[in-house]
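Heads up: the structure comes next, in structure tokens.
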Amino acid sequence: MYDIKKIYKAISVEAAIKHLESDPSSLIIAGGSDILIKIHSGKLENCSLVSIYGLDELRGVSLQDDGSIKIGSLTSFSHISENDIIKKYIPVLGEAVDQVGGPQIRNIGTIGGNISNGVTSADSASTLFALDAKLEITSSRGKEIIPISEFYIGPGKVNLNNGEILTSIYITKKNYENFTGHYIKYAMRNAMDIATLGCCVTCRLNDKKDIVEEVHLAYGVAGPIPMRCPKTEESIKNMKISFEMLEIFGSTAITEVKPRTSWRASKEFRIQLVEELGKRSLIEAIKKSGGVING
């Protein structure tokens, strides 16, 4: 049973914003894979909803004139993983969202909803952090672009005020050109489970493929919100690829995270995963760039 007081089906972004402003207690619903669970469990009793799921203007992936990749916030996980632009330029994002739930969830679940939910375990979140994604927030004041690092403000909380809607996600050319990436999700089950820890690494090698010129490392469930590890990234920048480099990468990563103990895993186990998954993700990203680890 779903305890819903009323639902308004928006015919445009502008109409959705006006309705949200006129009824500050109303909540946005898109695919519904997250919010309907909360309603069914009694966490959102007698709620009012504004459905934006019918707004096709918020769907799709496109390459912009400046080389940025634009992803509409209502683009489903399955459309992202199957999109030719994603496959060509940022396949790591398609690989990450392919690990969300089962096929039915990936068909209705949207990337905007996944990150707007605010949970640190969202499979798309750590990869978008590694890609240094920019988010377009639309309100009655117009459009504003913010880095994804400013979007998450606490456990389950994001920087969206009343009357504001996440409308697009942008990946700039400088954050994907000549980069390769790898995402690893560790979960208690092989499929349809929330991540115990998620890790994404993207890297760019030199022309000889023996030096890491730049690396981005991001985690989910390693802290209260998804996070980048800037000190770890700097620790191996312009370093020759070696097993020693991998050890530096893993040992530095554990100094930047703040995991907690939960029923899924202890803090100590998550710290172990941070070190191991960081190294494994980097190895795979290097391999995808044509690099080899030679000791």
In this structure, are over 12 heavy atoms from other groups packed under 6.0 Å from [X] atom [atom1]?
X: Lys267; atom1: NZ; result: no
X: Lys288; atom1: NZ; result: yes
X: Arg59; atom1: CZ; result: yes
X: Ile146; atom1: CD1; result: yes
X: Asp207; atom1: CG; result: no

Q: Using the ring pair (Phe, Tyr, Trp, His ring centres under 6.0 Å) rule, collect all pairs that involve residues 274-294, keeping only residues at least two apart or in two chains.
A: none
Q: Sort and list the pairs that fulfil ring pair (Phe, Tyr, Trp, His ring centres under 6.0 Å) and have at least one residue in residues 257-278, not counting sequence neighbours.
A: Tyr186-Phe269
When you measure from the side chain of [X] to the backbone of [Y], do you find a donor-acceptor pair of N or O atoms at a distance under 3.5 Å?
X: Ser73; Y: Leu166; answer: yes
X: Thr172; Y: Ser68; answer: no
X: Arg270; Y: Ala222; answer: no
X: Tyr219; Y: Val274; answer: yes
X: Ser289; Y: Gly291; answer: no
X: Ser281; Y: Cys200; answer: no
X: Glu164; Y: Asn161; answer: yes
X: Ser251; Y: Ile248; answer: yes
X: Ser116; Y: Gly113; answer: no
X: Lys258; Y: Pro224; answer: no

To the closest 0.5 Å, what do you measure between [atom1] ([X]) and [atom2] ([Y])?
X: Asp98; Y: Leu93; atom1: CG; atom2: CG; value: 10.0 Å
X: Thr202; Y: Asn175; atom1: OG1; atom2: CG; value: 7.5 Å
X: Ile148; Y: Ser126; atom1: CD1; atom2: OG; value: 9.5 Å
X: Ser48; Y: Ile29; atom1: OG; atom2: CD1; value: 12.0 Å
X: Ile17; Y: Asn162; atom1: CD1; atom2: CG; value: 10.5 Å
X: Leu131; Y: Ile171; atom1: CG; atom2: CD1; value: 4.5 Å

Q: Among Val212, Asn178, Ile211, Asp210, find the residue that satisfies the side-chain contact (heavy atoms from CB on, under 4.5 Å) test when tested with Leu205.
A: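 Going through Val212, Asn178, Ile211, Asp210 one by one, the side-chain contact (heavy atoms from CB on, under 4.5 Å) with Leu205 is satisfied by Val212 alone.
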State, with a plain yes or no, whether a side-chain heavy atom of [X] is found less than 4.5 Å away from one of [Y].
X: Asn238; Y: Glu213; result: yes
X: Ile28; Y: Leu160; result: no
X: Val221; Y: Leu273; result: no
X: Glu268; Y: Ser266; result: yes
X: Ile108; Y: Tyr53; result: yes
X: Phe77; Y: Asn114; result: yes
X: His182; Y: Val201; result: no
X: Val13; Y: Ile52; result: no

Is there a path from [X] to [Y] through hydrophobic residues (I, L, V, M, F, W, Y) whose side chains come within less than 4.5 Å of each other?
X: Ile115; Y: Val119; value: no
X: Tyr170; Y: Ile165; value: no
X: Phe179; Y: Val92; value: no
X: Ile271; Y: Phe249; value: yes
X: Ile137; Y: Ile153; value: no

Q | Nearest heavy-atom neighbours spanning Tyr183 and Gly198 | A |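 Nearest heavy atoms, Tyr183 then Gly198: OH-CA, 3.9 Å.
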Q.
For Thr110 and Thr75: C-alpha separation, side-chain torsions, deciding distance, then whether side chain to side chain contact (heavy atoms under 4.5 Å, CB included) applies.
A. CA-CA 5 Å; Thr110 66; Thr75 309; over 6 Å; no
Under-4.0 Å salt bridge between [X] and [Y]:
X: Asp66; Y: Lys173; value: no
X: Glu234; Y: Lys231; value: no
X: Glu82; Y: Lys87; value: no
X: Glu256; Y: Arg228; value: no

Q.
Going by salt bridge (charged side-chain N to carboxylate O under 4.0 Å, His left out), name the residues that satisfy it together with Glu214, two or more places apart in sequence or in a different chain.
A.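 With neighbours one apart ignored, the set is Arg204.
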Q.
Using side chain to side chain contact (heavy atoms under 4.5 Å, CB included), reason through Ile286 and Met245 one step at a time and then give a plain yes or no.
A. CA-CA 12 Å; Ile286 288 171; Met245 178 207 69; 3.9 Å; yes
Q | Worked verdict on Leu63 versus Tyr89 for side chain to side chain contact (heavy atoms under 4.5 Å, CB included) | A | CA-CA 10 Å; Leu63 192 62; Tyr89 296 109; 4.1 Å; yes
Q.
What verdict does the salt bridge (Lys or Arg N to Asp or Glu O under 4.0 Å) test give for Glu284 and Lys287, after you've listed the backbone C-alpha separation in whole Å, the side-chain angles of each residue and the deciding distance to 0.1 Å?
A. CA-CA 5 Å; Glu284 293 304 315; Lys287 287 180 179 178; 3.8 Å; yes
Q: Would you kindly say whether Thr167 and Glu136 are connected by a side-chain donor-acceptor distance under 3.5 Å?
A: yes
